[in-house]
There are 2 protein chains.
Amino acid sequence: MRIRVAECTVRYEGRLNAYLPEATRLVMVKADGCVAVHADGGAYKPLNWMNAPNTFTDDGDTWIVVNPKGETLTIEFGVVHFDTSIELGEDPGLQKDGVELELQRLLAERPETFGDGMSLIRREYPTPIGPVDLLCRDDDDHTVAIEIKRRGEIDGVEQLTRYLEFLNRDKRIAPVRGIFAAQQVKPQARTLAEDRGIEWVEVDYEELKGIDPDVMRLF
Amino acid sequence: MRIRVAECTVRYEGRLNAYLPEATRLVMVKADGCVAVHADGGAYKPLNWMNAPNTFTDDGDTWIVVNPKGETLTIEFGVVHFDTSIELGEDPGLQKDGVELELQRLLAERPETFGDGMSLIRREYPTPIGPVDLLCRDDDDHTVAIEIKRRGEIDGVEQLTRYLEFLNRDKRIAPVRGIFAAQQVKPQARTLAEDRGIEWVEVDYEELKGIDPDVMRLF
DNA sequence: AGTTCCATGTCGCGG
DNA sequence: CCGCGACGTGGAACT
């Protein structure tokens, strides 16, 4: 990564034309060749940029960056206050405890979302083909397997179907009801679920967050 | 702006939870307090960030950034390879569409638009807080600072006011008249400009293009 | 590879 | 301050 702090003007010609009058800014060139021009404010978004892949021309005072679409970023430098290069290496990348995991956590705390008297047996209940998100017991003492997705599509129903097939072989817990839960259940998934005798339900993430006991404790 | 290159782990807890395992990254803290953590690739988007406004706590090895919504960004540092702070100052900001720049170019070629005998001293005349679009001299030998916008709103008048404040400290050119020029000057901006003793004028882009000497030569 | 949809979207305008 | 739409949207997942 190369970091240069310098007075500069910047011109972008591409999907639109844009121009930055002379001022002191930070210009960042990453290992993959992408270039970003930052002011000392605004949000994380640079004032102007050029993503990789591109061709980079360093003509002394002027950097010209061109991408395959023909868009160009031209940076003309004045006084350079600072210029350094440093090797950062590969980044392991961001791990998002995405919404799906959060949904699972919230629903595990609120099994009654799926019916009065529903209680949690355990999260990530193991089967030979992978863990079921939630295993519960309903008020009739029947076992219930719940698959949770952010977006409920056909493959999620297929997944739950396979789990149910294995769970129902276990005499101690059979028969096992299936519930397919998602923020949004697509029509095709609804149809397939109903055809397989699997219930489906749409859950409201924001509402669940609102009644999160962890949050409640704060008040 | 503060720039630190260091080994770090980063945790974000807010609208979702996210975690960055230890690696060498660039952490940028802008003057407005916003924080961005960059890897040496990807696009211009940081791996993780926290926009202003926020409260920043520097606990030696650990930076904790909390915004008013309660979202937190926690950065734990290991080896620091590099750490520097530099003052960039205000940024004049991005001019999109090229319309502003085009207007500036056209008006620089036609300073008499602003009055008979008006002549251009220079474009992008530098001040400590950024360049004035046009600096001119009128037929009475008074200096005139002209700010050009596509859409003339209050903040443009404020900008010109600040320029005038600096320019009028320079005995060689004071007193400096101000003219606020735009394709359309909003009523609030008109009122404010008049209150500040700044003239305002609406310019016709199409008409200016029609009498552009560069274009004329083509015929 | 083309397309659709999500996003800690961000940003700017109008009410 | 809040809703609404555009964005050089960028980026991932799916066809």
Side-chain angles (χ1 to χ4, degrees), chain A residues 10-20 30 32 34-39 41-54 65-74 91 93-103 149-156 158 182-186 188-189 205-206 209, chain B residues 10-20 30 32 34-39 41-54 65-75 91 93-100 149-156 184 186-189:
Chain A
V10 185
R11 167 176 280 284
Y12 164 76
E13 291 171 322
R15 274 170 278 187
L16 59 75
N17 296 323
Y19 178 72
L20 285 169
K30 293 190 178 183
D32 61 1
C34 73
V35 181
V37 181
H38 285 269
Y44 66 74
K45 193 176 179 178
L47 292 165
N48 228 325
W49 70 93
M50 183 69 77
N51 283 349
N54 59 51
V65 191
V66 185
N67 77 4
K69 279 184 255 174
E71 298 171 280
T72 64
L73 189 72
T74 308
D91 198 284
L94 188 67
Q95 297 172 4
K96 285 186 183 181
D97 281 358
V99 176
E100 186 173 322
L101 197 67
E102 184 72 358
L103 267 179
K149 291 283 179 212
R150 190 161 54 88
R151 301 170 34 157
E153 302 188 18
I154 278 183
D155 55 354
E158 296 286 10
Q183 282 183 286
Q184 192 201 0
V185 182
K186 294 285 172 75
Q188 288 182 320
Y205 180 55
E206 293 305 321
K209 261 178 37 173
Chain B
V10 185
R11 170 167 282 283
Y12 164 76
E13 291 172 321
R15 275 168 278 186
L16 59 76
N17 297 324
Y19 179 71
L20 285 168
K30 293 189 178 184
D32 61 2
C34 74
V35 181
V37 181
H38 283 271
Y44 64 74
K45 191 176 180 178
L47 292 166
N48 226 325
W49 70 91
M50 182 70 76
N51 282 349
N54 59 51
V65 191
V66 184
N67 76 5
K69 279 184 255 174
E71 298 171 277
T72 63
L73 189 72
T74 309
I75 309 177
D91 199 285
L94 188 66
Q95 298 175 358
K96 276 190 180 175
D97 261 335
V99 174
E100 284 94 345
K149 292 283 180 212
R150 190 160 55 92
R151 303 166 39 127
E153 301 188 16
I154 279 183
D155 54 355
Q184 190 202 3
K186 294 285 173 77
Q188 288 181 321

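Quick note on labels: first sequence line is chain A, next is B, and so on, each numbered from 1.
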* Structure fact -> Correct closest heavy-atom pair for B/Gly42 and A/Cys34 would be O-SG, 3.5 Å
* Point-to-point distance, once rounded to the nearest 0.5 Å, from CD of A/Glu13 to OG1 of A/Thr72 -> 4.5 Å
* To do: Check the distance between D/dG8's P and A/Leu20's CG and give it to me in whole angstrom.
  => 13 Å
Indicate every side-chain donor-acceptor pair of residues 45-54 of chain A with a distance under 3.5 Å to a residue at least two apart or in another chain.
from: A/Asn54; atom 1: ND2; to: A/Gly33; atom 2: O; distance (Å): 3.1
from: A/Asn54; atom 1: ND2; to: A/Asn51; atom 2: O; distance (Å): 3.2

* Asked: Between atom CG in A/Leu94 and atom C1' in C/dC6, what is the gap in whole Å?
  -> 15 Å
* **Pairwise C1' distance for D/dG11 and D/dC7, with rounding to whole Å** => 14 Å
* Asked: Atom CG of A/Asn48 to atom C1' of D/dC7: distance rounded to whole Å?
  -> 14 Å
* When the distance from CG of B/Asp32 to P of C/dC11 is rounded to whole Å, what number comes out? -> 10 Å
* Using the C1' atom as the reference point in each nucleotide, state the distance between D/dG5 and D/dT9 in Å, no decimals. => 13 Å
* Asked: For A/Val185, what residues pass the side-chain contact (heavy atoms from CB on, under 4.5 Å) criterion, not counting sequence neighbours?
  -> A/Phe180, A/Ala182, A/Ala189, A/Arg190, A/Trp200, A/Glu202
* Structure fact -> Shortest non-hydrogen pair, A/Tyr44 vs A/His38, comes out as O-CE1, 3.1 Å
Output one line per pair: protein atom, nucleotide atom from nucleotides 9-15 of chain D, and distance, for all N/O pairs under 3.5 Å.
from: D/dT9; atom 1: OP1; to: A/Arg15; atom 2: NH1; distance (Å): 2.7

* Roughly, in whole Å, what's the span from NZ in B/Lys149 to C1' in C/dG12? -> 14 Å
* Checking all strands, does A/Met50 fall into the base, sugar-phosphate, or nothing category for heavy-atom contacts under 4.0 angstrom? -> base
